[in-house]
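This report concerns only the one structure given below.
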Amino acid sequence: MANIKKLPFSRLPKAVIPVHYALEIKPNLKTFKFNGRVVVDTKVNEETDEILINSADIEILRASFNSVESESKRNLCSNITYHETDETVSIKYPQKLAKGDGKLMIDYVGILNDKMKGFYRSKFTAVDGSERYVAVTQFESTDARRALPCWDEPAIKATFDVTMIVPKDKVALSNMVTASFTDYRETENISDLKVIKFAKTPIMSTYLLAFVVGDFEYVEARSADGVLVRVYAPIGKKDQGKFALDVAVKTLPFYKDYFNIPYPLPKIDLIAIADFAAGAMENWGLVTYRETALLIDPVNSSSSNKQWVAIVVGHELAHQWFGNLVTMEWWTHLWLNEGFASWIEYLCVDHCFPEWDIWTQFLVMDSARALELDSLNNSHPIEVPVGHPSEVDEIFDAISYQKGSSIIAMLHDFLGDDGFRSGLNHYLEKFKYSNAQTEDLWESLEGATQKPVNKVMSSWTRQMGYPVVSVSAKHSGQSVELEISQSKFCADGQLDSSHENYEWLIPMVIANGSNNKQPVKIILDEKSKSVTLQDVKQDDWVKINFGQFGFYRVRYTSDMLLKLVPAVANKVLSPRDRLGLQNDTFALTKAGLLNTTDYLDLLQAFSKEDNYTVWSDIIGNFGSIISLMEYANLTDGFKAVGIELLTDIVKTLGWEMKANEKHTDGLLRSLAVLHLGRFGHTETMAEAKSKFAAHLDGTKAIDPDLRSAIYKVVLSEGDETTFNALLKLIDTTDLQEEKMRVMVSLGAANGEHLLTRALEFAMSDKVRSQDKVFIIESIARSGKIGRQLTWNFMKQNWDKLNSIYQGGFLLSRLIKGCLSGFAGEEFSADIREFFSTKSVPAAERTIEQVIESIELNTKWLSRDVSSVTSWMQNKNYIPSK
Ligand code: BES
Ligand code: ZN
């Protein structure tokens, strides 16, 4: 395993702690500096002559301490020492500060940076063509310290009074409602500035504080429970906020009811920010979003983007309780925030849009992703000790989010909704306005349900990885005896001695062909167990992990698997179970426990499949096989297989959206068209070209659901003219979603020349830093040529990329997204060599994961290439030699 270096770190001393901050901020949108004054009511717990707090990129002008007992004696600090790598500052006083209450006052200057963290600037072009700036905060995880010197740890909660001094014509927002407006007076004269004071916040963590200044307009509504909800958008775009407003207005009462606790603030604003590193941020009462995660155009937005907006809104609003009201004690428990929100966002979307079949999609977007990452030796446990900010950044990953949500889903199914809710309510009530650890949640849920929550769940949060459950069946008469055993699932299929001690408590649900109404529920709490099922016929299938709520894989004997195949083909099994069986088979294939041809054979059972999500998972897995086999030049055969798999879907759905068709039909159509086109299906290609031509000449706009697919398909066979036509489309729209749709289609371009142009475009000023990653990734994911070009390009531009993303999570995303698909020892060696001389603290684990993935691909390719070749030849997909 990796030798991950740890930077020295310790938490702040508690000798002096904050109770209330009065913060005054005066940003200058021309010099990109801001003046700040923070007056902190503190409690001195121990006599000390030093205050150590967080601060980064801040210049302190003056710091005084004024104890209550000696009001007259202002204690001016004598010495300020900045500790840059620790991101702290120590303020030393000539005398000891007496125990009790005291006021710390700091005047300082900070920078409105362009790195999307702390208090930063975001640039946009106004309707009149002029360049304008917005000033906005992004503090999670550890960047409040760039806006104010403070105790920047989640457990050091305090209340905040925010005051902003801003130009009169700008909108200024913060967590709370405005308490007063006054003119700002510079000496005697009234200036063109105003002073806005916001109401005092509840007691909260620093990372949730927020303020925004800029030109915005809004739409508003009141939720059924009386909360004022506004969606703020750049001037001219407020109507694009209506969809999110609708979702938010439905969501707040839903959560109020689910948690049985009202939303604690009088208002909530959702605001779209042009430059934004993450997707969205749950600042209490002022949630910030990327434009694409909030704004929907009724005519030009796709179903998948609507779905994304609903998910993100549902996620961030859940944090208002789970995260903001009750906060993790330390970043080690980050998953509590993110895992939980990533689960309940589905519950919320399912409530708002029951027809979207979102819980099936959960298996692809969450469980499958987590299962893949967590099978690596370089994964990490959900609860992971973290210290230095760079380590914190690194755990915003699929383990905290998607494994977190998946084990909550498993727990919810195990406890049942009633018990789960009442335990949840107990937890939120007990820890509100305070902090909690993972075990605290387990304890509340255990109290409410009398089930062994702590014991079961600790096995999932404290160990990395998850089990594969092997099962065999022995029939006798009307019963069947199952032998069930668990071991750690390793991506390479190898269990070395270091993995032998892993053991989980696995809540299991088992159904069979004669009884899928009342499945058997057990906990596998040892290495192996036998379970007898009654009234099972000789030919009946037995499905383990029925409903796919468990976070584990199942390995059946070939005999058992054979009996399941017809239940897949005739859809006796639900989409979730069909998907799960297929996904497990794929993972066992990749691990070398089955042959790739076994997986390809299983796909025959899906010839009548009609569920979008099942297809989406199959296409993803099938796509990884193709991209692997490209390194053995076996792509043609796979294209033929792919065309055979998908042709019927488009035949059934047609190219045109039907009135009242299902949301998922739109998603399925676009999935099928995209891949048929990319596989070179002649009719699809022709239809795509004709639709694109009509779109360009204005005869008929392409249905937004099909645009992405069609852009990519025409580009994959297109030339420079097509490429230029797409680039032009970017300038004809001010909908960020459409711009992104075009930009990430550039990776589909054909040949080195155009792919290089796409890379150059990504790095140009036309593309915001927040978006570059996604374009570059699309190029790397296009195949062998694009991947190699991208890697060369990354090496050449490394310093620039590193400086744009400041080593943050977008950089990890770039590394992972671009490089994991290589197959061949030369690539893993090259990547290791390159990074051996680079310092990327927040991506160290990611780099190890990438290298491990490439090594797995390398083995997989050499293991299966000949059997796959024969399989292709035997079935006449490729000519026999
Ligand atoms: N708390 C995060 C935002 C965040 C991410 C802050 C990374 C710091 C680093 C927020 O709640 C979040 O999880 N946003 C997601 C969207 C969500 C729907 C999964 C995101 O930004 O991708
Ligand atoms: Zn979140």
Side-chain angles (χ1 to χ4, degrees), residues 154 157-162 173-179 198-205 207-210 218-232 244-271 280-288 310-328 336-337 340-352 408 412 417-436 440-441 444-445 447-448:
K157 290 193 174 188
T159 52
F160 294 83
D161 273 324
V162 176
L173 301 168
S174 185
N175 305 79
M176 299 299 286
V177 290
T178 309
F198 298 95
K200 184 173 167 182
T201 69
I203 182 165
M204 61 185 263
S205 306
Y207 80 90
L208 294 167
L209 190 68
Y218 62 86
V219 287
E220 70 173 15
R222 211 168 265 281
S223 72
D225 53 336
V227 182
L228 180 62
V229 188
R230 285 184 178 166
V231 177
Y232 281 85
L245 181 66
D246 227 45
V247 176
V249 162
K250 283 189 193 138
T251 297
L252 286 170
F254 172 72
Y255 285 147
K256 177 187 174 185
D257 183 52
Y258 198 83
F259 298 131
N260 198 16
I261 297 178
Y263 174 70
L265 307 184
K267 65 97 176 174
I268 189 156
D269 296 322
L270 290 72
I271 185 165
M281 174 65 211
E282 70 266 27
N283 316 298
W284 217 354
L286 176 56
V287 186
T288 43
I311 286 177
V312 184
V313 171
H315 178 103
E316 306 308 338
L317 293 190
H319 279 317
Q320 306 302 307
W321 286 259
F322 214 100
N324 302 5
L325 185 63
V326 177
T327 311
M328 68 258 147
L336 269 182
N337 263 14
F340 183 85
S342 298
W343 173 77
I344 205 165
E345 72 196 31
Y346 287 86
L347 199 69
C348 162
V349 169
D350 192 49
H351 166 80
C352 297
I408 298 275
H412 178 263
D417 194 53
D418 290 346
F420 184 81
R421 270 168 87 155
S422 89
L424 196 56
N425 173 263
H426 180 267
Y427 167 83
L428 291 171
E429 285 288 355
K430 182 165 174 195
F431 296 100
K432 64 184 176 191
Y433 302 108
S434 163
N435 298 77
D440 296 321
L441 177 61
S444 288
L445 291 164

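Nothing here was measured: the structure is a model prediction, and the numbers come from that model. Counting begins at 1 with the first residue of the sequence.
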- Message: Restricting to non-hydrogen atoms, name the atom on Val326 and the atom on Ala436 that form the minimum distance, rounded to 0.1 Å.
- Response: CG1-CB, 4.0 Å
- Query: In a check of side chain to side chain contact (heavy atoms under 4.5 Å, CB included) between Val229 and each of Val249, Asp246, Val247, which one passes?
  - Reply: Val249
- Query: Are the side chains of Thr251 and Cys352 in touch, meaning some heavy atoms are under 4.5 Å apart?
  - Reply: yes
- Query: Are the side chain of Asn175 and the backbone N or O of Ala210 linked by a donor-acceptor pair below 3.5 Å?
  - Reply: yes
- Looking at the rings of Phe431 and Trp321, which for Trp means the six-membered one, are their centres under 6.0 Å apart? no
- Message: Hydrogens and angles aside, do Tyr258 and Asp417 bring a side-chain donor and acceptor to less than 3.5 Å of each other?
- Response: yes
- Smallest separation among heavy atoms of Arg222 and Gly226, with atom names: NH1-O, 3.1 Å
- Message: Within the structure provided, determine whether Ile261 and Leu325 are in side-chain contact (heavy-atom separation under 4.5 Å).
- Response: yes
- With under 30° as parallel and over 60° as perpendicular, where do the rings of Trp343 and Phe340 fit, or are they tilted in between? tilted
- Is a side-chain N or O of Gln320 found less than 3.5 angstrom from the main chain of Gly285, in a donor-acceptor match? yes
- Query: Any donor-acceptor pair under 3.5 Å linking the side chain of Thr159 with the backbone of Thr201?
  - Reply: no
- Task: Examine distances only and state if a side-chain atom of Asn435 and a backbone atom of Pro154 form a donor-acceptor pair shorter than 3.5 Å.
- Result: yes
- Under 4.5 Å between any side-chain heavy atoms of Tyr433 and Pro264, yes or no? yes
- Task: Not counting sequence neighbours, list each pair that qualifies as a salt bridge (Lys or Arg N to Asp or Glu O under 4.0 Å) and has a residue in residues 252-263.
- Result: Asp257-Arg421
- Message: I want to check something: taking the side chain as every heavy atom from C-beta on, are Leu445 and Phe420 in contact at a cut-off of under 4.5 Å?
- Response: yes
- Message: Testing the basics here: between His315 and Glu345, what is the closest heavy-atom pair and its distance to 0.1 Å?
- Response: ND1-OE1, 2.6 Å
- Message: Would Thr327 and Lys157 count as a side-chain hydrogen bond (donor to acceptor under 3.5 Å, both in side chains) here? Give the steps.
- Response: CA-CA 9 Å; Thr327 311; Lys157 290 193 174 188; 2.8 Å; yes
- Query: Is there side-chain contact between Leu228 and Glu220, with heavy atoms separated by less than 4.5 Å?
  - Reply: yes
- Message: Whether the side chain of Asp269 engages the backbone of Leu173 through a donor-acceptor N/O pair (distance < 3.5 Å, no angle test) should be reported.
- Response: no
- Task: Report yes if the side chains of Leu428 and Phe322 come closer than 4.5 Å at any heavy-atom pair, otherwise no.
- Result: yes
- Query: Is Tyr218 close to Val231 at the side-chain level, that is, under 4.5 Å between some pair of heavy atoms?
  - Reply: no
- Note, Asp161 side chain near Met176 side chain (heavy atom, < 4.5 Å): no
